[in-house]
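Numbers restart at 1 for each chain; the letters A, B, ... are given by sequence-line order, proteins then strands.
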Amino acid sequence: MKFWSQYFIPTLKESPADAEIASHKLLVRAGLVRKLSGGLYTYLPLGLRVMQKLSQICREEIERGGGIELSMPHMHPAENWEQGPRWAAAREIMFRTDTAGAGRGRSKEPEFVLGPTHEEVITPLVKTEITSYRDLPKNFFQIGTKFRNEIRPRYGLMRAREFVMMDAYSFDVDDDHAIKSYLAMKAAYEAFFKRIGIHAIAVEADTGVMGGSFSHEFMVPAEIGDDDVIYNEASGYAANREKATSAIVPGDLRDATPEGVLEEFATPGVVTIAALEAAPYSVAADKQFKTLIYMGDGQPFAVILRGCDELEEAKLGSLGFTLFRPATPDEIEPVMGAKPGSLGAVKGTIKDAAALVGVFADHAIRLVGNGTTGANKDGFHLRHVNVVRDLAITKFGDFRRVRAGEPDVKSGQPLQVKRGIEVGHIFKLGTKYSEKYGAVFTDDQKQSHPMVMGCYGIGVGRTLQAVIEQCHDADGIVWPWNSAPFHVLVCVLDPQLPEAMDLAKKLAGAAERAGADVLIDDRAERPGVKFKDADLVGVPLRLTIGGKGLKEGIVELKWRTSKDVAKVPLAEIEARITAAVAEAQSKANA
RNA sequence: CGGGGUGUAGCUUAGCCUGGUAGAGCGCCUGGUUUGGGACCAGGAGGUCGCAGGUUCGAAUCCUGUCGCCCCGACCA
């Protein structure tokens, strides 16, 4: 048991000016963290306790899912990363030492990076230590500090430069086994989020810079989340914005027979979809082809969408480029023959078609039929453009951004959108890293194969904040039992009375024997202050010992989730505490 | 990195437009009265007004630069 007067819980009446969202304000007001600098936080005792609780539950569930705990350095030689597949993409977000070549008495210092995740460390380790199928599968995990040079840290622990993450890496002999490991981790995640008392949903996700074949994000629905979840309640479909697709193009769509003769017409000054929609042209946006030029690893490629659709840039990741970005007008003109606004992909109109490494079309352009697009001549467009007849398409794909209301691919029912906080992510990586680092094993036929990997992350600090975001009211935090820094708060209104303190210690002891963590508020504060702090800090079960109650022979018992106060006779109080703790535990672990 | 905002006591802030003794609330210290939902009275400590230049007789206030922080965008656990 801890005594508030001896402990350190600096609560604040007012929210700090730099906190915007409820969970961030409460994190600071309830005395869980203090900011050192943008994206860097000190965990105060209470915050640390919650981090430790979450970490421990996470550890238990990951172990249950097959994980073996170890701990890797936070600082890595840049060399490890240079040998890996994502150095170019990842170096942007890493903190790096700038001592390379600087000396300090030596002719050359190696460059170091602070690890944002550890594929680049675990894979070489496994390469040297595991060589036989007999030693597989293995799933290694750690819980520790990660570093990311976030362009814009924000929302307290939600997006920090230094943060605590559980990261796990699975190694299997083949795809089937890798999928088993993946599903075991998915189940472990679900168990973890359930135990800590928050609602998190698994949604299909893009693999992003991690690479890999498929992936789920674990999202906590919240207004302030920075990701959109596209979902349909009834069908169970759920995907993040980057991955989400819809059944907007019917599976049995037959491309229309080409209509009309391709024809150029003058459109002076028209460089936007909207301008072409307006009189005198009056071409509806869904009858236009939008042509975008991107640079993929230094080479230009085109993406064609309907005029009414938006590009979902992350979906370009499926094209296999390591790095891509929108091309600049200077890069576009020599290739296409015109500036942005007059571009098109009609055969024969592209100035240097050979320079394009691909023309990638969104499936939905097949709905356009007889459409209009740029003529690759400034001030001119083409009409009666037909997909099959006129466009030289390298590959069709899903590149458009899904909108709410479009039909779900599973059920055809309208999709909905809500915001969420990404608290965890699981990837089936495949052999991307194992091939690169030579992490191979020998099978029972003496054949050598790359290990099939998966990687898994849970942002512990972010999860802590997501718990607060999901579990609070106007008065403060309302901790779920298993996440709470303390389970029971014994509020002693008259700590100067020895009999009050004696009783408090006795009750605290009873609660501890029942398995609860107990905090005794023995401060010489007025009752109002104590009650306000109790609500702010959000301990699930509050026992109040007051001078008046003592005379009546009762102790008050109150749950943070309810306004009801039970006046319990002293003779019964210990049994009631034991029962209450047992009940809360069984509910939380059901 | 682009756009917007902001920096005054430990915290929340007024003052800045229109230059002239830096103010309040919370918190803190002392004493007293209080004591079941953030008490009251009296007294007190605490501020190079982010930093550096400049304009001016005089700068928190005007100008320039710079740094930090916050918000919106791209990225992510």
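- One can place CD of E469(A) at 20 Å from P of A77(B), the figure rounded to the nearest angstrom.
- As a whole-Å value, the separation of F95(A) CZ from C75(B) P is 19 Å.
- Comparing I458(A) and H24(A) along RNA chain B, the residue whose closest nucleotide (by nearest heavy atom) sits nearer the 5' end is H24(A).
- Atom CZ in F193(A) sits about 9 Å away from atom C1' in A77(B), given to the nearest Å.
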Residues 497-506 of chain A, side-chain donor-acceptor partners within the protein, below 3.5 Å, at least two apart:
none

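- Aromatic pair F301(A)/F324(A): ring centres not closer than 6.0 Å.
- Remark: U21(B) base-pairs with no nucleotide; criterion is Watson-Crick or G-U wobble with both hydrogen-bond distances under 3.5 Å.
- Within the shown strands, nothing qualifies as a pairing partner of A14(B) under the Watson-Crick or G-U definition with both distances less than 3.5 Å.
- Taking the P atoms as reference points, G5(B) lies 29 Å from U48(B), given to the whole Å.
- If you take atom C1' in U56(B) and the same atom in G19(B), they sit 9 Å apart, rounded to whole Å.
- Separating the CD atom of E242(A) from the P atom of A77(B) is a distance of 10 Å, rounded to the nearest angstrom.
- When both distances must be under 3.5 Å, the Watson-Crick or G-U wobble mate of G68(B) is U6(B).
- R96(A) places no side-chain N or O within donor-acceptor distance of the main-chain N or O of V113(A), the cut-off being under 3.5 Å.
- Not one side-chain nitrogen or oxygen of K146(A) sits closer than 4.0 Å to the OP1 or OP2 atom of C76(B).
- The interatomic distance linking E20(A) (CD) with C69(B) (P) rounds to 16 Å, in whole Å.
- Across all strands, E150(A) comes closer than 4.0 Å to base atoms (heavy-atom distances).
- Pair assignment for C1(B) gives G73(B), based on Watson-Crick or G-U wobble hydrogen-bonding distances that are each under 3.5 Å.
- Here the side chain of R159(A) is nearest to one of C70(B), C76(B), C72(B), namely C76(B).
- Distance CD1 (I93(A)) to P (A77(B)): 8 Å, rounded to an integer number of Å.
- Taking atom C1' on both nucleotides, U55(B) is separated from U13(B) by 30 Å, rounded to a whole Å.
- Applying the ring pair (Phe, Tyr, Trp, His ring centres under 6.0 Å) rule to Y169(A) yields no partners; only residues at least two apart in sequence or on another chain are considered.
- With hydrogens and angles left out, the side-chain atoms of R462(A) and Q465(A) include no donor and acceptor closer than 3.5 Å.
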Check your understanding: Could you write nucleotides 26-38 of chain B as a row of B, S and -, 5' to 3', where a protein heavy atom under 4.0 Å of any base atom gives B, of only sugar-phosphate atoms gives S, and otherwise -?
Key -> SS------BSBBB
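- Remark: A39(B) base-pairs with U33(B). Criterion, Watson-Crick or G-U wobble with two distances under 3.5 Å.
- W479(A) meets the side-chain hydrogen bond (donor to acceptor under 3.5 Å, both in side chains) test with no other residue; sequence neighbours excluded.
- Residue Y155(A) has no polar side-chain atom (N or O) positioned under 4.0 Å from OP1 or OP2 of C76(B).
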Residues 550-561 of chain A side chain polar contacts: donor-acceptor under 3.5 Å, at least two apart:
{"residue": "K558(A)", "atom": "NZ", "partner": "S562(A)", "partner atom": "O", "Å": "3.0"}
{"residue": "R560(A)", "atom": "NE", "partner": "I477(A)", "partner atom": "O", "Å": "3.2"}
{"residue": "R560(A)", "atom": "NE", "partner": "D535(A)", "partner atom": "O", "Å": "3.0"}
{"residue": "R560(A)", "atom": "NH1", "partner": "D473(A)", "partner atom": "OD2", "Å": "2.9"}
{"residue": "R560(A)", "atom": "NH2", "partner": "D473(A)", "partner atom": "OD1", "Å": "2.8"}
{"residue": "R560(A)", "atom": "NH2", "partner": "I477(A)", "partner atom": "O", "Å": "3.4"}
{"residue": "R560(A)", "atom": "NH2", "partner": "D535(A)", "partner atom": "O", "Å": "3.0"}

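- For the C1' atoms, the distance linking U8(B) with U61(B) amounts to 11 Å, nearest Å.
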For residues 147-162 of chain A, dump all side-chain donor-acceptor pairs below 3.5 Å to protein atoms at least two apart in sequence or in another chain.
{"residue": "R148(A)", "atom": "NH2", "partner": "P116(A)", "partner atom": "O", "Å": "3.0"}
{"residue": "R159(A)", "atom": "NH2", "partner": "D226(A)", "partner atom": "OD2", "Å": "2.4"}
{"residue": "R161(A)", "atom": "NH1", "partner": "G38(A)", "partner atom": "O", "Å": "3.1"}

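- Of the P atoms belonging to G54(B) and A9(B), the separation is 25 Å, rounded to the nearest Å.
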Check your understanding: Could you go step by step and tell me if C455(A) and E119(A) meet the side-chain contact (heavy atoms from CB on, under 4.5 Å) rule?
Key -> CA-CA 8 Å; C455(A) 72; E119(A) 284 80 358; 3.2 Å; yes
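- Nucleotides C29(B) and G10(B) are separated by 16 Å at their P atoms, to the nearest Å.
- Taking 4.0 angstrom as the limit, T463(A) places none of its side-chain polar atoms (N or O) nearer than this to OP1 or OP2 of A77(B).
- Spacing of C1' atoms, G4(B) relative to A22(B), comes out at 29 Å, to the nearest Å.
- Taking atom P in both G58(B) and G3(B), the straight-line distance is 36 Å, to the nearest Å.
- Between the CZ atom of R161(A) and the C1' atom of A77(B) there is a distance of 16 Å, rounded to whole Å.
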Exercise for review: Apply the test side-chain contact (heavy atoms from CB on, under 4.5 Å) to residues D309(A) and R403(A): give CA-CA distance (whole Å), side-chain angles for both, the deciding distance (0.1 Å), then the verdict.
Suggested key: CA-CA 9 Å; D309(A) 286 334; R403(A) 279 187 287 261; 3.0 Å; yes
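- Counting non-hydrogen atoms under 4.0 angstrom, M158(A) reaches a base of the nucleic acid.
- Side-chain nitrogen and oxygen atoms of R154(A) include at least one within less than 4.0 Å of the OP1 or OP2 phosphate oxygen of C72(B).
- Taking atom CD of residue E313(A) and atom P of nucleotide C76(B), one finds them 11 Å apart after rounding to whole Å.
- With a 3.5 Å ceiling on both atom-pair distances, the Watson-Crick or G-U wobble partner of G53(B) is C63(B).
- Across all strands shown, A19(A) has no heavy atoms under 4.0 Å from either base or sugar-phosphate atoms.
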